[in-house]
Every structure is written in structure tokens, then in C-alpha cells.
Amino acid sequence: MKTVPSEAAVPPPGGFLPLPETGRVFTGGYPIRRTDVTPGGRLRFDALTRYLQDVAEDDIAETDLREPYHWLVRRYAITLRGYPQRGQRLRLATFCSATGPRWAERTTTLSASGTELIQARAVWTAVTRATGESCAIGPGFHRVYGPATQGRRVSARLSHPRPDPSAPVRDWPLRASDFDTAGHVSNTIHWQAAEEVIAGLDWLPARAEMEYHHPILPGDRLRLAYRLVPGRADIWLLNDARRLASAQLTRDPGEPGTDGAAAAGNDG
């Protein structure tokens, strides 16, 4: 676990943001086990986001920061050059890449067998422990994580389209094991709904986004809606008509194959 120097630059479209020249970069590693993959051996998105949360928690724990707030994820944007497979060991390098008044962006690059395969950029909002309302980021956070941002700023604005009224809808039952210590559904569970849609596609995403609009709480009557258009899948998790979360999966336009219509299935 160490600070890693590298060249700092804004990545080209679709590229990976390099590690910063200065500032904190935390590294960790996890083996990909059979409980984290599809029948075909591909790392699932819900397992991927669990690794992202684990390395973030390990990073903060090492700093020994004692800030008076929690962090809740606002959105994920994940770019994929390839998919890790069962049996590989992931190396994750994570740093704070930008900040806002009450939120911060964490960029994490995942490598397997020496090759950078995935980069995830997640915006997390600081919320008070007592009320759950968003709050300003404290000076301790800026002292530890600020240098790596190199002054970059990030917005917490969400941009996905509203649910399509004509989209197919199905019930998505909640389970007791879906809920975390905050009393709402863990942010990794939303990606299980994305995996359900991916299983019906004949392509795998080159980019995957998730936006968290409202927490999923006990008693919510959750429904999954999705719309397929050429090269993209739009996904919504709804409580009746209220949008709780949304996802967009986008295929690589240079990938050969069909135009994104549903196929017999894809286990990765």
C-alpha cells in the first residue's frame, strides 16, 4: 500500500486517466473467485463494484481520517478495455481525481496479469451521520486527498433520461441481504439488475454507467424496466413510477456483431 508516482494528464475520450504525479494513490489486490463471475467466468459488475468499495474503504482506513460524515455514491462511470476472468488477481490503484463543495470523485484503475482493463470514476457525496443530509467536505480530507486532484473539479449532476413509459417492466424483489449498515440497499445490488439485462444481450458493454437518484428502502416495491436501442441499453429501477436508479450500458462501436438487439443470452 503506497503512493505511486505517474504522469498526470486528462485522458483522451474513452481513455484512462493516468495516475497523478503527486498525491495519494492507494493500491490493493483481490483474487477473482467463483462467487464473483458468470457461468462463463467473466467478472460480474456487482462483484466489480464491491471491489471498488472495498479498496476505497481500505484506503480511508489507512489514512486514519476521522471526519464527521459518511460517503454515499452518486454515480459510477466505468470504462472497459477487457473483462477480468476467474482465477486472475486484480490490482486496483485508486486516488481522488476531483472534488466539489460536498462531493469528490474517486478514480480506480483495475489491472489483471499486468494489463489495465477497467477504469471506474465514481462520485461520492459526503452526508452527515446524524441526518443523512449532504455536507461540506472537511479540511482533513483536502489535506490527504487534495494534492492528487491537481485542482480538478467535478459536478454531481445526473444526466440519464427519464424512464421510457413503453419500456418492458418486471418486478425486482428485494431480499433482507440486500441492505447495508445505512439501512438502504447497497450500491452493489443495483448492478445485479444490470447483469440481468446483460444476460439477454449478444454484446458486452465497453462503458457502463449507474446513477443513484434515491435510496432503495425497506418496503419499496421495486420494478426493473429497460429499453434496448442499437448499441445501448437503458435500465431503470423504479418504486412504482419513481426513478430510484438508472443505468446505461454502451457497446464499443467498433465491435463486430449485431446492432444491440436482444439475443439468446450472454454469460460473458
Side-chain angles (χ1 to χ4, degrees), residues 1-12 14-37 41-67 70-99 103-126 137-138 140-152 154 186-188 191 207-208 210:
M1 308 301 183
K2 59 184 179 180
T3 299
V4 183
S6 184
E7 179 181 1
V10 175
F16 285 9
L17 185 69
L19 301 180
E21 277 185 354
T22 59
R24 180 178 177 81
V25 178
F26 181 85
T27 62
Y30 308 98
I32 301 176
R33 304 187 187 278
R34 68 171 66 214
T35 52
D36 296 330
V37 298
R42 167 185 64 80
L43 178 67
R44 299 192 316 270
F45 277 95
D46 57 305
L48 165 62
T49 51
R50 189 178 69 253
Y51 291 142
L52 295 175
Q53 183 156 325
D54 287 348
V55 78
E57 291 184 5
D58 291 346
D59 178 17
I60 292 174
E62 188 185 77
T63 68
D64 204 31
L65 275 173
R66 293 292 185 265
E67 300 284 53
H70 293 296
W71 292 94
L72 294 179
V73 68
R74 180 72 167 158
R75 69 168 185 261
Y76 272 113
I78 301 174
T79 302
L80 302 104
R81 294 173 176 168
Y83 282 82
Q85 301 291 313
R86 177 190 171 194
Q88 291 184 306
R89 184 173 181 85
L90 289 178
R91 177 186 181 274
L92 294 86
T94 187
F95 65 98
C96 182
S97 48
T99 58
W103 50 83
E105 179 187 73
R106 178 180 286 275
T107 294
T108 306
T109 304
L110 294 86
S111 305
S113 303
T115 301
E116 292 184 348
L117 296 178
I118 300 172
Q119 187 168 87
R121 302 179 76 168
V123 173
W124 293 81
T125 300
I137 299 172
F141 180 90
H142 287 291
R143 174 178 51 80
V144 173
Y145 290 104
T149 70
Q150 300 175 48
R152 285 185 292 256
V154 66
S186 165
N187 72 78
T188 64
W191 289 95
R207 184 173 174 86
M210 183 74 71

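The aromatic rings of Tyr30 and Tyr51 lie parallel to each other, with less than 30° between the two planes, well short of the 60° mark. The aromatic rings of Phe45 and Trp191 lie parallel to each other, with less than 30° between the two planes, well short of the 60° mark.
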Under the side-chain contact (heavy atoms from CB on, under 4.5 Å) rule, what do Leu52 and Leu110 come out as? Steps first, then yes or no, please. CA-CA 9 Å; Leu52 295 175; Leu110 294 86; 3.8 Å; yes

When you look at Val73 and Thr49, which way does the side-chain contact (heavy atoms from CB on, under 4.5 Å) test go after all the steps? CA-CA 11 Å; Val73 68; Thr49 51; over 6 Å; no

Could you give me the CA-CA distance, side-chain angles and deciding distance for Arg50 and Asp54, then say whether side-chain contact (heavy atoms from CB on, under 4.5 Å) is met? CA-CA 6 Å; Arg50 189 178 69 253; Asp54 287 348; 4.0 Å; yes

side-chain contact (heavy atoms from CB on, under 4.5 Å) evaluation trace for Arg42 with Gln85: CA-CA 5 Å; Arg42 167 185 64 80; Gln85 301 291 313; 4.2 Å; yes

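Side-chain polar atoms of Gln119 and Thr79 form no donor-acceptor pair below 3.5 angstrom. One side chain, Arg106 or Thr94, offers a donor N or O that lies under 3.5 Å from an acceptor on the other. Side-chain contact annotation: Ser113 with Thr115, donor-acceptor N/O pair under 3.5 Å absent.
Here Asp46 contributes atom CG and Asp36 contributes atom CG; the two are 8.0 Å apart, rounded to the nearest 0.5 Å. Between the CG atom in Asp58 and the OG1 atom in Thr27 there is a gap of 10.5 Å [rounded to 0.5 Å]. Interatomic distance, CE of Met210 versus CD1 of Ile78, reported as 8.0 Å (0.5 Å rounding). Separating the CG atom in Leu17 from the CZ atom in Phe95 is a distance of 4.0 Å, to the nearest 0.5 Å. Here the CD atom belonging to Glu116 is positioned 6.5 Å from the CZ atom belonging to Phe16, to the nearest 0.5 angstrom. Rounded to the nearest 0.5 Å, atoms CZ (Arg74) and CG (Asn187) are 13.5 Å apart.
Closest heavy-atom contact between Thr35 and Arg44: O-NH1, 3.0 Å. Contact between Arg33 and Pro31 at its shortest, heavy atoms only, is NH2-CG, 3.3 Å. Considering every non-hydrogen atom in both Gly82 and Ile118, the closest pair reads O-CG1, 3.7 Å. Closest heavy-atom contact between Thr149 and Ala98: CG2-N, 3.8 Å. Looking at every heavy atom in both residues, Cys96 comes nearest to Ala104 through SG-CB, 4.2 Å. Taking all atoms of both residues into account, the shortest heavy-atom contact from Ala208 to Leu80 is N-CD1, 4.4 Å.
Of the candidates Trp103, Trp124, Tyr145, Phe141, Trp71 forms a ring-ring contact (aromatic ring centres under 6.0 Å, His included) with just one, namely Phe141.
The closest side-chain heavy-atom distance from Arg24 to Thr63 is below 4.5 Å. A heavy-atom distance below 4.5 Å is found between the side chains of Ile137 and His142.
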